[in-house]
4 protein chains.
Amino acid sequence: MQSRTPAGRTGRPRSAAADTAILAATRAALVELGWSKLTLGDVATRAGVAKTTLYRRWAGKNELVVDAVAELFDELRLPDSGTLAGDVEGVVLQFAAILARPEAKSGLMAVVAESTRDEALRERIRASIVERQKRLVVEGRARAQGRGELPPETASEEAARTVDLIFDIVAGAVVHRTLVSAEPADEEWVRGFTQVLLTGLAGAGEEPASPP
Amino acid sequence: MQSRTPAGRTGRPRSAAADTAILAATRAALVELGWSKLTLGDVATRAGVAKTTLYRRWAGKNELVVDAVAELFDELRLPDSGTLAGDVEGVVLQFAAILARPEAKSGLMAVVAESTRDEALRERIRASIVERQKRLVVEGRARAQGRGELPPETASEEAARTVDLIFDIVAGAVVHRTLVSAEPADEEWVRGFTQVLLTGLAGAGEEPASPP
Amino acid sequence: MQSRTPAGRTGRPRSAAADTAILAATRAALVELGWSKLTLGDVATRAGVAKTTLYRRWAGKNELVVDAVAELFDELRLPDSGTLAGDVEGVVLQFAAILARPEAKSGLMAVVAESTRDEALRERIRASIVERQKRLVVEGRARAQGRGELPPETASEEAARTVDLIFDIVAGAVVHRTLVSAEPADEEWVRGFTQVLLTGLAGAGEEPASPP
Amino acid sequence: MQSRTPAGRTGRPRSAAADTAILAATRAALVELGWSKLTLGDVATRAGVAKTTLYRRWAGKNELVVDAVAELFDELRLPDSGTLAGDVEGVVLQFAAILARPEAKSGLMAVVAESTRDEALRERIRASIVERQKRLVVEGRARAQGRGELPPETASEEAARTVDLIFDIVAGAVVHRTLVSAEPADEEWVRGFTQVLLTGLAGAGEEPASPP
DNA sequence: CCATAAACGAGACGGTACGTCACGTCTTTAG
DNA sequence: CTAAAGACGTGACGTACCGTCTCGTTTATGG
């Protein structure tokens with residue numbers, strides 16, 4: 001977000017309602033039109049706001065959509081199912097549900113594509129979306145450790161690397177399944193995927209698996 | 001591709017060189033400008049071709065870029081390292097190398113994003129890129145089965161589902177690592193990822209992993 | 001004008017009809033809206049033409065209006081009333097009639113105002129409007145000389161200077177009367193003005209006038 | 001002007017300095033930018049004043065510029081050269097000098113152009129600029145009558161009409177010479193013009209001039 | 001060897017959206 | 001109540017590409 005009211009300042013303050021309306025309008029436009037046909041003029045109209053107001057707050061389409069999409073992922077909650085596998089399945093299902101929504105589908109990959117040529121945009125995506133949701137992995141592990149399902153951590157650097165790997169695998173697989181393969185990431189698929197993931201993680205560090 | 005010379009027809013035939021030049025120009029433009037600033041007029045100019053010639057062969061930017069990017073992935077070869085793990089690591093590294101190239105980075109995610117609202121485009125991506133490369137998974141498994149590293153298949157439907165899962169996990173993880181996390185998918189990372197993957201796949205079907 | 005068909009050239013030729021339609025639309029817009037509220041987008045719409053077509057042919061509002069107004073003055077004809085005074089009165093009345101039309105009123109002074117900061121525009125006005133109509137003064141003088149009302153010319157440089165002076169006086173007075181004083185330059189006024197002008201010109205070169 | 005302090009009123013009074021600063025800033029902006037690129041926001045900034053202050057006092061750009069330009073013409077003085085011709089030449093030269101200044105050039109014709117569609121603006125120009133300077137013609141005639149160079153007036157209505165005609169001729173010719181012909185109204189030109197004018201006026205009413 | 005017909009280059013065309021600018025108004029805090 | 005500050009809705013700007021359309025020209029094949 002960027003509309004900090006500058007506290008002890010003169011002049012008319014920015015409308016807080018406008019921010020909310022604009023982000024909601026952006027999501028609505030993503031649903032109806034998709035990324036490539038979304039225009040800032042249309043978003044402004046939907047939000048009941050002038051185009052200039054929009055440009056005063058966001059640098060362009062990319063930044064706006066990142067913020068609009070980021071809010072979607074704040075709905076993610078770590079369920080407490082009693083087992084690690086259950087918790088993971090629960091989060092992955094939620095993640096898949098969000099990605100199934102057209103506003104996420106349409107917008108997320110597009111800004112990722114744009115971010116390949118825009119360092120600042122990539123950082124914005126990381127800060128607003130990716131890093132923000134790594135909390136789920138960290139919390140999940142801690143909870144599993146409390147239950148005795150996972151051993152306490154050894155080196156913290158190693159632990160961080162594992163979090164990143166898990167995130168790349170989980171997010172990557174769900175995104176690929178949903179957007180490229182265009183198949184639903186439903187309960188059955190999530191169960192299979194989770195089993196492979198947890199088995200792989202549990203066995204890693206030991207000798208590579210060999211078939212019977 | 002679509003420029004088959006229609007055999008028994010009169011009139012000037014389509015230039016075969018034009019196709020090649022256009023796809024090469026498209027990749028060059030992707031490198032220099034990225035997806036969003038690439039224009040068909042510019043591609044035509046680079047290829048030394050009129051805009052009409054380009055539109056006579058491709059319906060638009062999306063289709064053109066899919067074809068231009070698809071050619072990149074035909075370079076993939078399954079190496080013969082002697083072990084399953086080695087073969088997998090080899091392929092994943094090649095895949096990562098291609099994804100590290102700016103023309104792939106810039107173009108691939110963009111067309112995937114577009115494909116979320118364009119069924120025909122999604123099918124074109126699947127046919128030209130995804131399904132086309134699943135051969136690698138199939139070949140790799142067959143070779144491992146020949147070596148005795150993997151058991152012979154049971155149900156073919158189950159096998160197909162596993163191929164899809166593997167592809168989602170591998171492609172997804174590499175893409176996420178490269179584009180979203182923006183970290184290199186180098187040898188160390190690939191080794192760790194491959195171990196998790198193979199361990200997970202080997203253990204799956206058995207009881208869920210449990211910590212020692 | 002500027003849309004010369006470039007003779008031996010490739011590509012689709014410019015539509016000749018568009019030029020005509022645009023200039024007519026410009027005059028219509030001047031009548032309805034006046035200079036300051038005239039927009040090029042509106043002119044394009046009226047002409048049934050895209051805005052880009054308009055910008056392809058004219059650099060901006062100023063150049064367009066000069067061309068649109070210039071055509072108005074091509075209607076001027078030197079009447080043959082039999083006497084110098086009659087001829088002058090006839091032309092001045094026609095000039096006043098054109099200036100009374102709202103499209104001329106509105107546009108002419110505006111471009112003159114703009115031309116004070118734009119050398120190229122001033123030159124365009126001179127070439128398209130002012131110099132183009134000096135033919136009337138020259139013809140009128142020649143005809144009067146033929147009738148014996150005026151002596152044959154002496155020095156041609158002196159003659160040119162006199163033409164300029166006449167033009168400044170005539171055009172200036174009619175414009176000022178019409179636009180600033182906002183009084184009609186009707187027959188009575190024109191008769192009075194012409195008498196002062198011809199008397200002044202006839203007497204000039206001799207001793208300054210003194211009252212009886 | 002319109003900023004009379006409303007006498008028996010409460011609240012903070014209007015700053016008198018602001019008026020002066022704004023008009024000066026307007027002229028400065030006219031010099032630097034010309035009419036069409038002059039913006040009220042810029043004038044306000046230059047004057048060190050908020051935009052709202054400016055709008056509280058003037059209705060818009062037109063009215064502001066009329067006031068700013070009108071002050072320029074108050075410098076005009078009727079010189080006393082001893083002869084009518086000398087007096088006229090002196091005033092015309094002063095008038096030409098003012099019109100040569102960029103703030104006058106740029107602003108005056110523009111507001112005249114605007115006034116063709118704005119009755120109130122035309123009246124403001126007449127009151128602030130035109131009628132205000134007709135004093136010069138009246139004074140000049142009176143002085144010439146005192147010297148015996150001109151006969152005493154006959155009908156006052158006829159006299160008024162003559163003043164108007166003189167003003168249209170003089171102002172019109174100088175403006176046309178300066179802005180349209182873009183030639184300097186220098187001493188030589190003024191001398192020639194004055195001779196034609198005075199000769200014409202002296203002879204008018206009598207029989208039209210005929211060549212020798 | 002010429003006629004037919006399609007592909008070609010060039011570039012004008014009607015559109016749509018862009019991102020910016022100035023307008024004139026409104027809303028805040030300070031005096 | 002005025003002032004400075006600055007956000008606001010509005011609407012035009014001039015530009016860039018889009019995808020289509022005319023042109024005149026080139027290059028095959030088939031009569």
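For clarity, every value in this text was computed on a predicted model and none was experimentally measured.
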Undergrad: Name all residues meeting the salt bridge (charged side-chain N to carboxylate O under 4.0 Å, His left out) criterion together with D:R27; count only those two or more places apart in sequence or in a different chain, and write none if there are none.
TA: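 Partners of D:R27 under the salt bridge (charged side-chain N to carboxylate O under 4.0 Å, His left out) test: D:E71.
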
Undergrad: For D:E123, enumerate each residue passing the side chain to side chain contact (heavy atoms under 4.5 Å, CB included) test, keeping only those at least two apart in sequence or located in another chain.
TA: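 So D:E123 forms a side chain to side chain contact (heavy atoms under 4.5 Å, CB included) with D:E119, D:R126.
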
Undergrad: Ignoring hydrogens and angles, answer whether the base of F:dG14 and the side-chain atoms of C:K51 contain a donor-acceptor pair closer than 3.5 Å.
TA: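 Check passes, donor-acceptor contact within cut-off.
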
Undergrad: Answer yes or no: is there a donor N or O on one side and an acceptor on the other, between the side chain of C:R117 and the main chain of D:V31, under 3.5 Å?
TA: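 Yes: the side chain of C:R117 pairs with the backbone of D:V31.
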
Undergrad: Below 4.0 angstrom, which residues in residues 110-118 of chain A have at least one non-hydrogen atom near DNA chain E?
TA: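 None - not one residue of the stretch has a heavy atom sitting under 4.0 Å from the strand.
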
Undergrad: Rounded to the nearest Å, what distance is computed from the CG atom of residue A:L54 to the C1' atom of nucleotide E:dT20?
TA: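 My rounded result for the distance is 14 Å.
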
Undergrad: Show the atom names and distances, to 0.1 Å, of all donor-acceptor pairs under 3.5 Å that link a side chain in residues 105-115 of chain B to residues at least two apart or in another chain.
TA:
unit_1, atom_1, unit_2, atom_2, d
B:K105, NZ, B:A100, O, 3.3
B:S106, OG, B:W35, N, 3.3
B:E114, OE1, A:S36, OG, 3.1
B:S115, OG, B:V112, O, 2.6

Undergrad: Taking all heavy atoms of C:A18 and all of C:S15, pick out the closest pair and write down the distance.
TA: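 That would be N-OG, 3.1 Å.
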
Undergrad: Among all residues two or more places apart in sequence or in another chain, which pass the side chain to side chain contact (heavy atoms under 4.5 Å, CB included) test with D:A50?
TA: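 Side chain to side chain contact (heavy atoms under 4.5 Å, CB included) check on D:A50 returns D:T52, D:T53.
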
Undergrad: Who passes salt bridge (charged side-chain N to carboxylate O under 4.0 Å, His left out) against A:E63, sequence neighbours left out?
TA: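 If we apply the salt bridge (charged side-chain N to carboxylate O under 4.0 Å, His left out) test to A:E63, skipping adjacent residues, there are no hits.
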
Undergrad: Using a 4.0 Å cut-off on heavy atoms, which residues in residues 28-42 of chain B reach DNA chain F? List them by number, or say none.
TA: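 Contacts with DNA chain F under 4.0 Å: B:T39, B:L40, B:G41.
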
Undergrad: Let me know the distance between CH2 of D:W58 and C1' of E:dG24, rounded to the nearest Å.
TA: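 In whole Å, E:dG24 C1' and D:W58 CH2 are 17 Å from each other.
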
Undergrad: To the nearest Å, give me how far apart CZ (C:R46) and P (E:dG14) are.
TA: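 From C:R46 CZ to E:dG14 P: 17 Å.
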
Undergrad: Less than 4.0 Å between a side-chain N and a carboxylate O, is that true for A:R124 and A:D118?
TA: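 A:R124 and A:D118: not salt-bridged.
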
Undergrad: When the distance from CZ of C:R56 to C1' of E:dG14 is rounded to whole Å, what number comes out?
TA: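 Taking atom C1' of E:dG14 as the reference, CZ of C:R56 is at 9 Å.
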
Undergrad: Determine to 10° how strongly the helix from E:dC1-F:dG31 to E:dG31-F:dC1 is bent, judged from the axes of its five-pair ends.
TA: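 Overall, the helix from E:dC1-F:dG31 to E:dG31-F:dC1 bends by 10° from one end axis to the other.
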
Undergrad: Where do N or O atoms of nucleotides 23-28 of chain F meet protein N or O atoms at under 3.5 Å, pair by pair?
TA:
unit_1, atom_1, unit_2, atom_2, d
F:dT26, O2, B:R12, NH1, 2.9

Undergrad: Report yes if a side-chain nitrogen or oxygen of D:T53 is closer than 4.0 Å to either non-bridging phosphate oxygen (OP1 or OP2) of F:dA4; otherwise report no.
TA: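 Yes, within the criterion.
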
Undergrad: If you look at every strand shown and take non-hydrogen atoms under 4.0 Å, does C:G48 touch a base, only sugar-phosphate, or nothing?
TA: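 Sugar-phosphate contact only.
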
Undergrad: Suppose we screen for side chain to side chain contact (heavy atoms under 4.5 Å, CB included). Which residues come up paired with C:A47, at least two apart in sequence or across chains?
TA: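 So C:A47 forms a side chain to side chain contact (heavy atoms under 4.5 Å, CB included) with C:A21, C:I22, C:A25, C:V49.
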
Undergrad: Which pair of non-hydrogen atoms, one from D:L54 and one from D:L40, has the smallest distance, and what is that distance?
TA: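 The answer is CD1-O, 3.7 Å.
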
Undergrad: Nearest nucleotide by nearest heavy atom, which residue falls closer to the 5' end of DNA chain F, A:A18 or C:Y55?
TA: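 The residue mapped nearer the 5' terminus is A:A18.
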
Undergrad: DNA chain F: B:K61 or D:T52, which has the more 5' nearest nucleotide?
TA: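 Nearer the 5' end of the strand: D:T52.
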
Undergrad: From the list F:dT15, F:dA7, E:dG14, which nucleotide is the closest neighbour of the side chain of A:R14?
TA: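 Output: F:dA7.
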
Undergrad: Taking for each residue the nucleotide of DNA chain E with the nearest heavy atom, is it C:V49 or A:A59 whose nucleotide lies nearer the 5' end?
TA: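 Going by which nucleotide is closer to the 5' end, it is C:V49.
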
Undergrad: Atom CG of B:L64 and atom C1' of F:dG19: how far apart are they, to the nearest Å?
TA: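 It works out to 14 Å between those atoms.
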
Undergrad: Quick one: side chain to side chain contact (heavy atoms under 4.5 Å, CB included) partners of B:A70, sequence neighbours excluded?
TA: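 Counting only residues at least two positions away or on another chain, B:A70 forms a side chain to side chain contact (heavy atoms under 4.5 Å, CB included) with B:S128, B:I129.
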
Undergrad: Between B:K37 and B:D42, does any side-chain N to carboxylate O distance fall below 4.0 Å?
TA: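 Between B:D42 and B:K37 there is no salt bridge, as every charged N stays at least 4.0 Å from the carboxylate O atoms.
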
Undergrad: For C:A50 and for A:G60, locate the closest nucleotide of DNA chain E by heavy-atom distance; then report the residue assigned to the nucleotide nearer the 5' terminus.
TA: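 In this pair, the answer is C:A50.
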
Undergrad: With sequence neighbours excluded, what pairs up with B:R12 under the salt bridge (charged side-chain N to carboxylate O under 4.0 Å, His left out) test?
TA: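 Partners of B:R12 under the salt bridge (charged side-chain N to carboxylate O under 4.0 Å, His left out) test: none.
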
Undergrad: Counting distance only, does the side-chain N/O of C:K61 pair as donor-acceptor with the main-chain N or O of C:L38 below 3.5 Å?
TA: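 Flag set: sc C:K61 to bb C:L38 pair under 3.5 Å.
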
